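This one's a predicted model, so the numbers in the text were calculated from it and none came from an experiment. All residue numbers in this chain count up from 1 along the given sequence.
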Amino acid sequence: MKKTIAMLLTAALSASLLAGCVSTSQNTTAAQPAETSAATGSENGDAQNPGGSAADASSADASSSADKTGESKAEASADSASYTIGVGQFAEHGSLDNCREGFMAGLAEEGIEEGVNLTVLYDNSQADGGTASQIATNFAGKGVDLMCGIATPMAQAEYGVAKKSDIPVIFTAVTDPVAAELANGDGTPVGEITGTSDKLPVEAQLKMIREILPEAKNIGIMYTTSEVNSESAIAEYKALAPQYGFEIVDTGISSSADIALAADTLINKVDCITNLTDNTVVASLPVILDKAAAKNIPVFGSEIEQVKIGCLAAMGLDYIELGRQTGKMAAQVLRGEKKASEMNYETIKEAAFYGNTQVAGNLGITLPEDLTKNAAELFTEIAQ
């Protein structure tokens with residue numbers, strides 16, 4: 001009887017001790033991280049069975065599973081990273097609109113898509129430098145991951161603000177990044193900024209004008225005096241024009257309000273006008289086209305959108321492709337594959353012929369066959 005009672009007491013005591021161990025293990029697991037929980041469980045198992053047990057194996061498996069789950073979540077988080085960018089556009093016109101469209105397409109092709117893993121803050125300064133600076137300041141204040149500056153004045157404004165906070169800037173439609181002080185003479189970045197240049201194929205444009213207008217002597221160019229890119233483009237035109245028998249007559253403006261009067265003056269001095277990528281002038285191009293058409297003066301564009309709306313022809317750039325190229329560069333920076341300061345700016349090299357046969361008919365001009373047969377696109381009407 002005493003032996004039976006002793007056995008019962010021993011069993012009860014063992015059960016009590018076992019329950020205490022289990023309770024301690026459960027409390028520790030709830031209070032500690034996965035790695036600590038696994039270690040505590042192992043120690044408890046060893047105290048109960050120094051040789052190891054199924055409980056030990058289960059605890060180790062649970063720990064390994066937790067580790068793998070954590071790794072999977074980290075990988076998923078990296079794969080599904082989201083970004084916020086500020087896109088500032090200097091003026092409202094087709095060339096820069098195309099740049100923006102291409103930029104977003106380039107990002108999307110790299111897996112960074114608005115509404116999926118990308119938030120875009122967009123603003124347009126309407127060709128006002130002060131507004132461009134305000135837009136850049138607003139982007140920085142909202143802590144964007146990257147700024148995109150479309151056109152030189154916007155890129156300059158963004159970099160002026162962003163360099164104080166190390167926000168990378170990607171620019172596009174900057175004709176001369178060196179003159180704009182956004183790149184060094186060898187093409188390397190001046191800081192956390194890079195992008196693409198829309199440098200004009202000036203010599204190809206002069207050659208095209210000579211083919212279309214064999215008797216022309218004077219080419220007019222209107223430009224904004226505050227745009228350094230326009231000044232560098234005019235300098236190149238003046239250097240190359242004599243090789244093709246032309247003289248350049250240029251007229252500077254300070255704002256869009258000057259364009260109507262400047263156009264009246266310029267049209268009376270020249271045989272034709274060629275347009276730059278000058279943003280203020282391009283934004284008011286319809287005014288120039290109307291005045292030139294009234295005097296039967298051909299106007300040549302610098303890219304496809306200008307030919308669509310009434311320029312006679314252009315050896316121009318495809319700004320959607322320029323923007324796409326820029327978007328792909330931005331994707332590398334956002335993903336951390338490269339810093340902007342490690343990437344030289346890039347220039348789109350291929351220019352193509354664009355012509356407008358309705359404009360040619362209105363002017364009594366026949367576009368040469370050797371140009372039209374290789375045209376990237378010929379327009380048969382003037383877009384409104």
Side-chain angles (χ1 to χ4, degrees), residues 87-103 122-136 147-160 169-177 179-182 195-200 202 205 220-237 250-260 262-263 266 273-289 299-311 314 316-320 322-323 326 347-348:
V87 177
Q89 185 170 318
F90 183 65
E92 194 80 38
H93 61 75
S95 308
L96 301 188
D97 292 344
N98 283 353
C99 269
R100 187 178 75 249
E101 179 184 339
F103 178 73
Y122 169 75
D123 213 336
N124 190 306
S125 72
Q126 302 300 330
D128 183 86
T131 303
S133 295
Q134 293 172 8
I135 290 170
M147 295 188 200
C148 173
I150 303 177
T152 303
M154 181 59 72
Q156 290 173 317
E158 288 185 352
Y159 183 58
V169 176
I170 304 294
F171 60 76
T172 188
V174 173
T175 302
D176 191 341
E181 299 183 346
L182 301 176
T196 57
S197 166
D198 60 345
K199 185 180 185 306
L200 292 172
V202 173
Q205 183 86 345
I221 300 178
M222 190 182 302
Y223 72 104
T224 307
T225 54
S226 60
E227 283 210 28
V228 293
N229 288 321
S230 295
E231 292 180 348
S232 64
I234 285 178
E236 186 174 3
Y237 262 109
D250 59 278
T251 297
I253 61 162
S254 59
S255 71
S256 57
D258 303 331
I259 286 179
L266 186 63
I273 293 173
T274 191
N275 197 39
L276 306 178
T277 53
D278 185 296
N279 294 287
T280 303
V281 175
V282 173
S284 298
L285 186 55
V287 174
I288 299 170
L289 289 170
V299 179
F300 294 92
S302 56
E303 50 79 45
I304 182 173
E305 294 298 326
Q306 296 171 24
V307 179
K308 278 184 184 179
I309 66 171
C311 285
L317 308 175
D318 185 332
Y319 275 76
I320 290 180
L322 183 71
T326 315
T347 302
I348 191 166

R100/Y122 under side-chain contact (heavy atoms from CB on, under 4.5 Å): CA gap, chis, key distance, verdict: CA-CA 10 Å; R100 187 178 75 249; Y122 169 75; 3.1 Å; yes
Working for side-chain contact (heavy atoms from CB on, under 4.5 Å), residues Q89 and D97: CA-CA 8 Å; Q89 185 170 318; D97 292 344; 2.8 Å; yes
Where do E227 and F90 land on the side-chain contact (heavy atoms from CB on, under 4.5 Å) test, with the steps shown first? CA-CA 12 Å; E227 283 210 28; F90 183 65; 4.2 Å; yes
Can you list the steps and then say if T326 with T172 is a side chain to side chain donor-acceptor pair (under 3.5 Å)? CA-CA 6 Å; T326 315; T172 188; 3.1 Å; yes
Steps toward side-chain contact (heavy atoms from CB on, under 4.5 Å) verdict (C148, F103): CA-CA 9 Å; C148 173; F103 178 73; 3.8 Å; yes
For a side chain to side chain donor-acceptor pair (under 3.5 Å) check, start with the C-alpha distance between N98 and E303, then their side-chain angles and the critical distance, and finish with the verdict. CA-CA 11 Å; N98 283 353; E303 50 79 45; 4.8 Å; no
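Side-chain polar atoms of D278 and T224 form a donor-acceptor pair below 3.5 angstrom. Q205 and T274 share a side-chain donor-acceptor pair at under 3.5 Å. Side-chain N/O atoms of T175 and T277 include a donor and acceptor closer than 3.5 Å. In this structure, a donor-acceptor pair under 3.5 Å is absent between the side chains of S284 and S256.
The distance from the OH atom of Y237 to the OG atom of S230 is 11.5 Å, given to the nearest 0.5 Å.
Here the side chains of E305 and H93 are not in contact, with every heavy-atom distance at 4.5 Å or above.
In this structure, the side chain of E231 does not engage the main chain of I234 through any donor-acceptor pair within 3.5 Å. Listed for the T225 side chain is no donor-acceptor partner under 3.5 Å among the backbone atoms of G252.
For A179, the side chain to side chain contact (heavy atoms under 4.5 Å, CB included) partners are D176, not counting sequence neighbours.
Of the charged side-chain nitrogens involved, at least one lies within less than 4.0 Å of a carboxylate oxygen, so that E236 and K199 count as a salt-bridged pair.
More than 12 heavy atoms of other residues, nucleotides or ligands lie within 6.0 Å of CD in Q126, so this atom counts as buried by the packing criterion.
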